[in-house]
Amino acid sequence: MTGPVAARAALPALLAGFLAVLLVAVLGGCTRAAPPTQAVAAPPRPAGGPGGSVAADVAPPADIPGIGTQTRELIPQDATQAVVVAGEDRNAPYSTVKLYEWSAAKGWQSVSDTWPSHNGLKGWTDEHWAGDKRSPIGVFGLTDSGGRLPDPGTRLPYHRSPLFNAPGRGFLGEPLAGSFDYVVAINYNRHEGRSPLEDGVVQRPMGSERGGGVWFHVDHGGPTQACVSLDQQHMRELLRWLDPERKPVVVMGDIDALAR
């Protein structure tokens, strides 16, 4: 078989080979270690977050509890949604997640219950490296999502694909199946505006040695390589809540790091 007919016949095999390489690369990230584009420090803001000065006789807008000045100043001025991931200890894989929204009248206000979550097996780090089994500390954008299951109603770009598949078992021997039913890419060491599946094949801004493919994904009952995991219902709620118009970010780290 020659010419155009042969080329068309070979195309499915070429596509299958590309997708297989892509999946292996991605699984080497999230079920190993992972990040999105580094957040740029914003100029100092008044206590309470975005907005101008506060009159002396008016209570200042509320801050996010447990967030110190250094961390608060990393939150971009235009961000009005924040997912706060608070690790219970620098070297522990257990954390909680809470959602906050900013308004000029009230500042940062909680809009969710406290959700249990897992993070990296060895806890947290200010300088994440591939394979260190720690989640990166910092403030990162949330711009892209996807999963094996249909879009649950998010306003973020959502890429559905059967390649969101997590074979094998976790650190406690638990099956990883279903972990990528829903994912939200965390913009640590990644190019935003792309499918999370591209995190393992597109050149990372800080280089592959600094890890990549850090996501929110469905909890599998144990620690992660570097991602943050939530139960499936909370992942659905997160996806439905995130609004790209509100420039959402994740503020993540152990409680001592967040308080800096």
Side-chain angles (χ1 to χ4, degrees), residues 18 21-43 67-68 70-79 82-87 90-91 93 95 117-146 156-157 159 163-164 166 179-180 183-217 223-229 242 244 247-254 256-258 260:
F18 171 77
V21 170
L22 183 150
L23 178 58
V24 168
V26 170
L27 290 177
C30 195
T31 26
R32 291 188 54 150
T37 309
Q38 292 295 84
V40 177
I67 299 300
Q70 179 179 324
T71 303
R72 185 173 64 244
E73 290 179 356
L74 292 174
I75 301 176
Q77 294 286 334
D78 58 354
V83 184
V84 178
V85 184
R90 181 76 168 206
N91 301 309
S95 48
S117 59
H118 280 102
N119 51 267
L121 174 69
K122 295 185 177 180
W124 299 89
T125 179
D126 286 303
E127 187 174 297
H128 176 60
W129 293 86
D132 66 9
K133 299 180 178 61
R134 292 180 179 269
S135 298
I137 295 169
V139 178
F140 310 103
L142 301 172
T143 56
D144 306 289
S145 65
L156 295 180
H159 178 205
L163 293 178
F164 284 102
S179 299
F180 301 158
V183 307
V184 177
I186 296 172
N187 289 346
Y188 166 82
N189 199 21
R190 72 180 297 269
H191 297 280
E192 63 181 62
R194 299 174 180 267
S195 165
L197 284 177
E198 294 188 45
D199 289 353
V201 293
V202 176
Q203 179 63 40
R204 291 168 175 158
M206 296 189 295
S208 59
E209 68 277 5
R210 294 301 304 273
V214 178
W215 299 343
F216 282 102
H217 63 67
T224 71
Q225 291 281 351
C227 297
V228 177
S229 60
L242 290 169
K247 308 298 182 184
V249 296
V250 57
V251 182
M252 56 192 285
D254 60 275
D256 289 338
L258 295 179
R260 293 186 295 215

Determine whether Arg90 and Asp126 satisfy the following criterion, salt bridge (Lys or Arg N to Asp or Glu O under 4.0 Å), listing intermediate values before the conclusion.
CA-CA 10 Å; Arg90 181 76 168 206; Asp126 286 303; 3.0 Å; yes
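A donor atom on one side chain and an acceptor atom on the other are not found under 3.5 Å apart for Arg134 and Asn119.
The shortest distance between side-chain heavy atoms of Leu74 and Val249 does not fall below 4.5 Å. Asp144 has its side chain out of reach of Arg194: every pair of non-hydrogen atoms, C-beta onward, lies at least 4.5 Å apart. Contact annotation: the side chain of Leu258 never approaches that of Trp124 to less than 4.5 Å [non-hydrogen atoms, C-beta and beyond]. Contact of the Pro76 side chain with the Val139 side chain is registered, since non-hydrogen atoms from C-beta on lie closer than 4.5 Å. Within the 4.5 Å cutoff, the side chain of Pro205 has heavy atoms near those of the His191 side chain. Using a 4.5 Å heavy-atom threshold, the side chains of Pro196 and Phe164 count as touching. With contacts defined as side-chain heavy-atom distances shorter than 4.5 Å, the pair Asn189/His128 does not qualify.
Nearest heavy-atom pair, Phe216 versus Leu142, reported as atom, atom and distance to 0.1 Å: CE1-CD2, 4.0 Å. Taking all atoms of both residues into account, the shortest heavy-atom contact from Ser117 to Ser95 is OG-OG, 2.7 Å. Listed here is the closest heavy atom pair of Pro93 and Pro223: CB-CB, 3.6 Å. Between Ser195 and His159, the shortest heavy-atom distance links the atoms OG-ND1, 2.5 Å. Annotation for His217 and Ser179: closest pair CB-O, 3.2 Å, computed over non-hydrogen atoms.
In this structure, CE in Met252 is found 9.0 Å from CD1 in Ile137, a value given to the nearest 0.5 Å. Taken to the nearest 0.5 Å, the NZ atom of Lys133 stands 13.5 Å off from the OG1 atom of Thr125. The structure places CD1 of Ile67 at 11.0 Å from CZ of Arg260, a figure rounded to the nearest 0.5 Å. The distance from atom CH2 of Trp129 to atom CE of Met206, rounded to the nearest 0.5 Å, is 9.0 Å. We find the OG-CD distance between Ser208 and Gln203 to be 6.5 Å, quoted to the nearest 0.5 Å. Atoms CG and CG, from Leu242 and Leu156 in turn, are 5.0 Å apart once rounded to the nearest 0.5 Å.
The backbone N or O of Pro157 lies less than 3.5 Å from a partner atom in the side chain of Ser145, making a donor-acceptor pair.
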